[in-house]
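Residue numbering restarts at 1 for every chain, and letters A, B, ... go by the order of the sequence lines.
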Amino acid sequence: MGPLGVGQTADELAALDQKACDMCGITFFEFRNQGRLGCPHDYVHFEKELEPLIANIHGATTHTGRRPSRAAAAGLPEGTDELTGLIGLRRSMKDAIACEDYENAKEDRDAIRALEDRWLGPPPA
Amino acid sequence: MTMNLESLTHGVGEWLRGTGPESDIVMSSRVRLARNVAHYPFVSRASDQDRAEIEKFLRDRIATAPVGRDLDYIDVGRLEEVDRQFLVERQLISREHAEAQGARGVAIDGREQVSLMINEEDHLRIQCMHSGLDLAGVWEQIKAVDDQIEKVVPYAFHPRFGYLTACPTNVGTGIRVSVMLHLPALVITRQIDKVFRSLHKISLAVRGLYGEGSQAMGDFYQISNQTTLGKTEEELLEQVGDVVPVLIDYERRAREFLVRETQQNVHDQVSRAFGILRTAQTISAEETMQLLSRVRMGVLLGLIGDVQIADINSLLVRTQPAHLQKLRGVELDTKDRNIERARYLRQHFEAGGGAQASQN
Ligand SMILES: [Zn+2]
């Protein structure tokens with residue numbers, strides 16, 4: 001079904017199945033087995049693979065309904081993939097701490113704070 | 001703030017109020033929106049810590065929105081099984097939400113029209129339900145709730161794919177529009193399968209009373225849209241809304257046919273159903289629902305007097321396993337529940353029906 005089109009060799013399919021999201025780490029194989037995606041970035045990372053699947057389910061691939069208005073009001077992009085980057089940064093910081101690589105951990109922490117300030121604003125009172 | 005489930009036990013909830021347009025056939029109108037927070041993994045891939053953080057983030061943020069002030073929060077992860085089942089019977093949470101693991105909750109408004117499920121399949125499922133046929137009213141209400149939450153929560157959004165969901169079947173608008181109908185005459189006249197086949201052809205889904213996978217019980221059916229991407233929310237509301245008057249018309253004609261052509265048969269059937277409900281010594285939830293469905297039709301056809309529709313509706317939910325146990329204040333196994341259910345029904349009808357039950 002879906003992206004597994006004609007003309008793909010077994011090797012190509014195997015490679016596609018092993019392709020993993022850089023944020024949540026889910027592989028396309030895991031998604032195919034569970035039917036659930038791992039994080040919002042999967043729609044970017046697996047865009048080519050998901051597109052035929054989405055077309056098959058909905059008979060369309062372009063959203064025409066409501067859109068969030070908050071981003072525009074705050075001068076942020078409408079798509080939220082930049083904010084989803086927090087998932088990868090948190091993982092990277094955790095790994096850095098585990099290896100006692102405090103320099104990289106600090107860099108990650110600063111990048112996390114910058115993203116949070118930009119996207120999440122001050123925590124609600 | 002947490003809520004006392006006992007206070008809910010004595011009402012019947014929005015979907016069984018039995019009021020609103022076309023409420024002789026349309027039980028309830030419901031819209032559900034699937035939303036996710038952009039900076040966390042989807043629920044099925046979230047760690048325990050992620051789930052706890054998502055729950056806290058959504059609770060804290062929603063509390064700052066105007067709608068947050070009208071909501072009571074229930075920590076579903078800490079509830080006893082019977083209480084989770086109670087919320088399912090009430091249609092305030094899904095069966096999946098009741099049976100899931102980890103940090104999760106539901107926020108409910110006092111009228112039981114709005115419920116926000118946190119950490120179901122998606123981080124947030126906003127649900128709004130009205131009694132009778134009122135999709136326009138439901139849409140206005142849920143749109144306002146969604147707008148308020150969107151001001152304080154960064155929803156995962158893709159410029160081309162729309163609102164991003166854990167399962168690609170919900171991506172785009174994330175909307176599921178459902179209308180629950182009571183169609184006993186179409187079942188009795190064996191037209192129901194034909195009707196459903198024609199609904200499938202226009203890509204509408206048909207389910208039984210308690211959602212996905214459940215058998216239709218007591219002639220109650222839920223009609224909903226199957227696709228969520230490529231059409232606007234209004235177009236999808238119309239897709240479901242347009243077919244409802246047609247179904248109402250079919251059901252009304254089938255009821256008229258039954259009265260006109262088989263008056264004695266149908267009168268006999270509903271009277272026997274009423275008789276069993278008033279005298280049985282042990283009765284299952286399924287049989288109760290089936291018989292209540294027939295009595296409900298009998299009341300609407302004027303074949304049974306002295307019973308109110310709101311009263312039948314309240315029995316539909318109060319004879320469900322968890323409601324029955326909450327009302328009796330004890331946990332019961334299936335066998336004891338069947339005995340207790342029969343006793344509850346006898347007492348209810350002996351007491352003159354409506355008097356004790358319709359205090360919604
Ligand atoms: Zn991912």
Counting only heavy atoms not in [X], do more than 12 sit closer than 6.0 Å to its [atom1] atom?
| X | atom1 | result |
| --- | --- | --- |
| B:R111 | CZ | no |
| B:E81 | CD | no |
| B:F196 | CZ | yes |
| A:K19 | NZ | yes |
| A:R118 | CZ | yes |
| A:N33 | CG | yes |

To the nearest 0.5 Å, what is the distance between [atom1] on [X] and [atom2] on [Y]?
| X | Y | atom1 | atom2 | result |
| --- | --- | --- | --- | --- |
| A:R36 | B:D122 | CZ | CG | 8.5 Å |
| A:R67 | B:Y163 | CZ | OH | 8.5 Å |
| B:R45 | A:I87 | CZ | CD1 | 10.5 Å |
| B:L164 | A:D42 | CG | CG | 9.5 Å |
| A:T84 | B:H39 | OG1 | NE2 | 9.0 Å |
| B:I175 | A:R66 | CD1 | CZ | 8.5 Å |

Quick one, A:P40 and B:F42 - any side-chain contact, counting heavy atoms below 4.5 Å? yes
Decide yes or no on side-chain contact (heavy atoms from CB on, under 4.5 Å) for A:I54 and B:L229, but give the supporting numbers first. CA-CA 9 Å; A:I54 288 172; B:L229 182 83; 3.3 Å; yes
Option that, when pairs with chain A are counted at under 4.5 Å, heavy atom only, ranks first among [options]:
| options | answer |
| --- | --- |
| B:A63, B:C167, B:S203, B:A46 | B:C167 |
| B:T165, B:L236, B:N36 | B:T165 |
| B:G174, B:S44, B:P154 | B:P154 |
| B:V43, B:V153, B:D147 | B:D147 |

Looking at [options], which makes the most heavy-atom pairs under 4.5 Å with chain B?
| options | answer |
| --- | --- |
| A:P68, A:C39, A:C24, A:S69 | A:P68 |
| A:Q34, A:R90, A:M23 | A:R90 |
| A:L115, A:L76, A:I57, A:T62 | A:T62 |

Check whether B:E234 gets within reach of chain A through its side chain, its backbone, both or neither, counting any heavy atom under 4.5 Å.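 Contact with chain A involves no heavy atom of B:E234 at all.
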B:Y155 versus chain A, the contacting section by heavy-atom distance below 4.5 Å: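 Contact with chain A involves the backbone of B:Y155 alone.
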Look only at the side chain of A:Y43 and the backbone of B:G162, and say whether a donor-acceptor pair between them is shorter than 3.5 Å. no
Could you look at A:E30 and say if it's the side chain, the backbone, both or neither that has a heavy atom under 4.5 Å from chain B? side chain
Part of A:L37 within contact of chain B (heavy atom distance under 4.5 Å):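 When you check distances to chain B, atoms from both the backbone and side chain of A:L37 fall under 4.5 Å.
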Between B:R160 and A:E78, does any NZ, NE, NH1 or NH2 come within less than 4.0 Å of an OD or OE carboxylate oxygen? no
Indicate the atoms forming the closest heavy-atom contact of [X] with [Y], along with that distance.
| X | Y | value |
| --- | --- | --- |
| B:A156 | A:T80 | CA-OG1, 3.3 Å |
| B:P159 | A:G79 | CD-CA, 3.8 Å |
| A:H58 | B:T169 | CE1-O, 3.2 Å |
| A:T64 | B:T232 | O-CG2, 3.3 Å |
| B:G230 | A:A60 | CA-CB, 3.7 Å |

Derivation and outcome, side-chain contact (heavy atoms from CB on, under 4.5 Å), residues A:L120 and B:F57: CA-CA 11 Å; A:L120 304 177; B:F57 180 81; 4.2 Å; yes
